[in-house]
Amino acid sequence: MKTLDACKILDAHRDDAIVVCTMGAMNALDKLPLNPLTMACVPLMGGAASIGLGLALARPERKVFVFDGDASLLMELGGLVSISHARPKNLYHFVFNNSIQFAGLGNLETPGARSADLVAMAKACGFEAAQRIDALDDLESRLKGILAGPGPSFVEVVVEYDAPALGTENPAVEMTDERFTRMGDEIRRIRHHLGCDAAVAA
Amino acid sequence: MSALAKENPMKQFSKHSVSAQAMVDAFKRCGIDYVTTVPDMVQIALHQLLDSGESGLKVVHCTTEDQAIEVAGGLYAGGKNVAVIVQNQGLYAGINSLRALGLDSKVPLLFVIGQFGREFSNLGGNPRDSKRRVVFLLEPLLETLGVPYWRLEGPDDMGNVEAAWKASRERSGPAALIVGHFVGW
Ligand SMILES: Cc1ncc(C[n+]2csc(CCOP(=O)(O)OP(=O)(O)O)c2C)c(N)n1
């Protein structure tokens with residue numbers, strides 16, 4: 001399954017959910033129509049799930065989706081325990097597992113790619129539900145049921161990856177200024193959209 | 001040695017302590033409704049009060065300081081007012097998240113940082129003169145990061161809780177309150 005196709009399905013089922021995305025899923029969501037309740041966790045590897053936890057606790061009335069990377073999850077693996085300890089019923093944690101890091105750029109193998117069982121880890125940490133989905137039609141058919149169930153819910157979405165763009169023909173990639181400002185701008189956009197600033201001023 | 005110190009040598013340091021309840025009251029005056037944390041030794045009394053459920057503040061327990069900062073960022077995105085309670089070692093551990101969310105993203109964050117490891121002979125003196133790296137590095141590091149800080153060295157400094165909170169809102173970024181000695185019960 002391609003990350004972009006999986007993101008299209010998730011996006012179609014989000015309703016009024018807030019989405020915190022990072023890495024490959026962020027690049028995919030950037031290709032879809034803008035939603036003011038989407039924010040990117042960038043450049044902050046490993047931070048998406050915990051930001052999602054904070055949002056889920058702050059806004060229990062709506063769902064929060066996290067679109068994570070496999071290596072990003074592993075960087076803050078203890079975050080699974082922080083999430084299950086806080087028990088946010090409205091948090092849905094999707095991990096796009098392509099078994100590599102710097103997907104589409106350098107394609108370096110993620111430690112544990114062939115041995116670590118992410119779903120078992122989420123279950124062992126106390127998530128309400130945890131499952132692995134490796135086909136697009138499965139994602140389509142199971143998603144409604146997953147979202148009808150309680151959180152915190154963990155879904156490992158097994159995805160393919162593109163060939164690495166960096167190499168002798170294309171030896172460097174420059175980061176834009178926007179990469180360092182968008183997270184804050186998107187946090188403020190979410191606050192604005194939720195009416196938080198008005199509430200503070202009142 | 002004073003009579004008080006003779007009776008219990010630890011008590012002579014109590015003038016450097018603020019009570020957990022006074023800290024919670026100051027947090028409430030700021031409008032803080034959430035705390036995210038990895039616990040700190042010198043703030044154990046505060047953690048116990050927060051964990052008792054009687055403080056009126058909600059607590060999110062994290063397993064790393066990066067998470068504590070990130071959860072605070074998410075809570076802020078959802079409209080909440082948050083204090084991040086860590087120790088000096090925790091601040092050192094969480095610098096990348098502080099950089100990303102506090103500095104680059106300009107999220108107002110109040111850090112409450114305990115000076116773990118401060119020798120008692122340094123109490124009442126300058127923490128920069130501490131012999132312990134874990135203590136004396138904190139303020140210069142915050143300066144390098146461009147994070148303003150206020151010391152909490154005793155009850156006379158209670159107003160610094162609000163000062164640090166206000167600074168975090170006004171500059172839209174991190175500000176720190178440095179807790180110099182064990183919080184009192
Ligand atoms: C603290 C930190 N260490 C290292 C990096 C460099 N880095 C950026 S992306 C990345 C790998 C991300 O992999 P994954 O989460 O699996 O996402 P994918 O590339 O597969 O989409 C690394 C190691 C970083 N951003 N932050």
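Each chain gets a letter, A, B and so on, in the order its sequence line appears, and its residues count up from 1. Predicted, not measured: the structure shown is a model, and the values here were computed from it.
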Review item, side-chain donor-acceptor pairs of residues 97-106 of chain A, under 3.5 Å, at least two apart:
| from | atom 1 | to | atom 2 | distance (Å) |
| --- | --- | --- | --- | --- |
| Asn97(A) | OD1 | Ser99(A) | N | 2.9 |
| Asn97(A) | ND2 | Glu156(A) | OE2 | 2.8 |
| Asn98(A) | OD1 | Ile100(A) | N | 3.1 |

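Annotation: side chain to side chain donor-acceptor pair (under 3.5 Å) contacts involving residues 82-102 of chain B, sequence neighbours excluded, comprise Asp40(B)-Gln87(B), Asp66(B)-Ser97(B), Glu70(B)-Ser97(B), Gln87(B)-Gln89(B), Asn88(B)-Gln115(B), Asn96(B)-Arg99(B), Arg99(B)-Asp104(B).
Heavy atoms of other residues, nucleotides or ligands lying less than 6.0 angstrom from NZ of Lys166(B) number 12 at most. Around the CG atom of Asp129(B), the shell of radius 6.0 Å holds more than 12 heavy atoms that belong to other residues, nucleotides or ligands.
From Arg59(A), atom CZ reaches atom NZ of Lys80(B) across 7.0 Å, with rounding to the nearest 0.5 Å. Between the SG atom of Cys196(A) and the CG atom of Asn81(B) there is a distance of 10.0 Å, given to the nearest 0.5 Å.
The most heavy-atom pairs under 4.5 Å with chain A, out of Cys62(B), Ala77(B), Ala72(B), Gly73(B), come from Ala77(B). Looking only at heavy-atom pairs under 4.5 Å with chain B, the residue among Leu53(A), Leu57(A), Asp185(A) that has the most is Leu57(A). Heavy-atom pairs under 4.5 Å with chain B peak, among Ser50(A), Cys41(A), Ala48(A), at Ser50(A). Ranked by heavy-atom pairs shorter than 4.5 Å toward chain B, the options Gly46(A), Gly47(A), Gly184(A), Gly54(A) are led by Gly54(A). Per-residue counts of heavy-atom pairs under 4.5 Å with chain A were compared for Ile69(B), Thr64(B), Val82(B); the largest is that of Thr64(B).
Annotation for Pro43(A) and Ala100(B): closest pair O-CB, 4.0 Å, computed over non-hydrogen atoms. Here the closest heavy-atom approach between residue Gly79(A) and residue Thr63(B) is recorded as N-OG1, 3.9 Å. Taking every heavy atom of both residues into account, Leu194(A) and Gly78(B) meet most closely at CD1-CA, 4.3 Å. Of all heavy-atom pairs spanning Gly79(B) and Arg191(A), the tightest one is CA-NH1, 3.6 Å. Residue Met183(A) comes nearest to Ser105(B) through the heavy atom pair CE-OG, 3.3 Å, listed as atom of the first residue, atom of the second, then distance.
Of the two parts of Leu101(B), the backbone and the side chain both hold a non-hydrogen atom closer than 4.5 Å to a non-hydrogen atom of chain A. In this structure, chain A has a heavy atom under 4.5 Å from the side chain of Tyr34(B), while its backbone stays farther away. With a threshold of 4.5 angstrom between heavy atoms, Arg188(A) approaches chain B through side-chain atoms but not through N, CA, C or O.
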